[in-house]
Amino acid sequence: METDHLVHQLARGAGRATRLRPPLVRTLTWLFIALPYVVMVVLVMRLRPDLSGKLSDVSYIIEQLAALTTAVTAGFAAFASTIPGYDRRTVLLPLVPFLVWVGSLGAGCLRSWIVMGPDGLSLHPDWLCFPAIVIVGLVPAIALVIMLRRGAPLAPHVTSVLASLAAAGLGDFGLRFFHPQDASFMVLIRQMGTVLLLMLLASQCGRLLFNWRRLLRRAGGAG
């Protein structure tokens, strides 16, 4: 479709344009939708029996705060990425909390190795981890995709990676409230591996989820 023809179609059928709210407001709206669902899943799965003790564990608190901050900043960056002319440095916002998150798990692996030797870095089957993160992050991911499609995702791969990081970070944050696995090496490999796998899959689906040209053609056809 020629650009001029598309512009005429859009102008002919367009009503009054509604300006998107700022990324911060949209991020808070997303959290307002996502967090109650995460809490509901945690309560259905039942809180881990040692949670009261874990809340006094500094490493656990740092890990959880880093995961939540990663989710929030990735969500903000995803919303910002759908605004034409956005500051591209915004996509780097989740980098620091993500590194703190990974670093906290790496520090735990080091402590386990010092205390237990090679046994502290052993892997054990954990079939709950991947589906649990997916289940906890499912509604946050769906809500995020729907909200992001209202913008102009000109860099769909970037938007989809940020969105998956936000949903997976929130999913892992909720998971750690009911999943009792605390071996740092297991958490690093299983849970962080799940987060990275979801980001990889999302990057491959970016153009399918956030094809702004297709959205424009639909808008033009509706006119």
Side-chain angles (χ1 to χ4, degrees), residues 23-79 94 97-98 100-105 107-109 112 123-149 160-199 201-202 209:
L24 178 58
V25 175
R26 302 185 74 201
T27 303
L28 293 176
T29 302
W30 172 63
L31 290 173
F32 182 78
I33 297 171
L35 285 177
Y37 170 78
V38 173
V39 172
M40 181 191 70
V41 174
V42 170
L43 293 178
V44 169
M45 297 298 294
R46 297 184 181 180
L47 296 172
R48 54 189 298 172
D50 62 343
L51 182 60
S52 58
K54 296 300 294 183
L55 293 178
S56 61
D57 184 347
V58 175
S59 61
Y60 175 82
I61 296 299
I62 292 175
E63 178 193 333
Q64 285 293 80
L65 288 177
L68 180 60
T69 305
T70 299
V72 174
T73 53
F76 177 89
F79 284 121
F98 181 73
V100 172
W101 186 12
V102 176
S104 66
L105 297 177
C109 292
S112 297
L123 283 173
H124 306 285
D126 185 1
W127 305 111
L128 175 64
C129 183
F130 181 83
I133 292 179
V134 172
I135 290 172
V136 180
L138 181 61
V139 168
I142 293 174
L144 196 53
V145 169
I146 293 174
M147 295 176 70
L148 287 169
R149 284 170 63 88
S160 59
V161 167
L162 290 170
S164 66
L165 179 58
L170 205 56
D172 189 78
F173 173 75
L175 172 75
R176 296 287 282 144
F177 281 105
F178 63 84
H179 188 43
Q181 177 57 257
D182 278 324
S184 297
F185 189 62
M186 287 285 292
V187 174
L188 178 62
I189 298 299
R190 302 290 188 185
Q191 296 180 18
M192 191 56 62
T194 298
V195 171
L196 295 177
L197 176 61
L198 292 174
M199 291 172 61
L201 293 175
L209 294 173

Residues Lys54 and Tyr60: closest non-hydrogen pair is O-CD2, 3.3 Å

Please walk me through it: do Arg46 and Phe178 pass side chain to side chain contact (heavy atoms under 4.5 Å, CB included)? CA-CA 6 Å; Arg46 297 184 181 180; Phe178 63 84; 6.0 Å; no

How close do Leu144 and Phe79 get, heavy atom to heavy atom, and via which atoms? CD1-CZ, 3.4 Å

Step-by-step side chain to side chain contact (heavy atoms under 4.5 Å, CB included) determination, Val39 to Val42: CA-CA 5 Å; Val39 172; Val42 170; 5.7 Å; no

Euclidean distance, Met45 CE relative to Phe177 CZ, rounded to 0.5 Å: 15.0 Å

Can you see which heavy atom on Met147 is nearest to which on Ile33, and at what distance? SD-CD1, 4.5 Å

Distance check, rounded to the nearest 0.5 Å: Gln64 atom CD versus Thr69 atom OG1? 10.5 Å

Scanning both residues in full, the closest heavy-atom pair of Leu170 with Ala71 reads N-CB, 3.6 Å

In this structure, OG1 of Thr73 is separated from CG of Leu68 (nearest 0.5 Å) by 9.5 Å

For Val38 and Pro140, the nearest pair of non-hydrogen atoms, with its separation, is CG2-CG, 4.3 Å

Working to the nearest 0.5 angstrom, can you tell me the gap between Ile61 CD1 and Ser104 OG? 11.5 Å

Locate the shortest heavy-atom distance separating Pro97 from Thr70; write the atom from each residue and the value. C-OG1, 3.3 Å

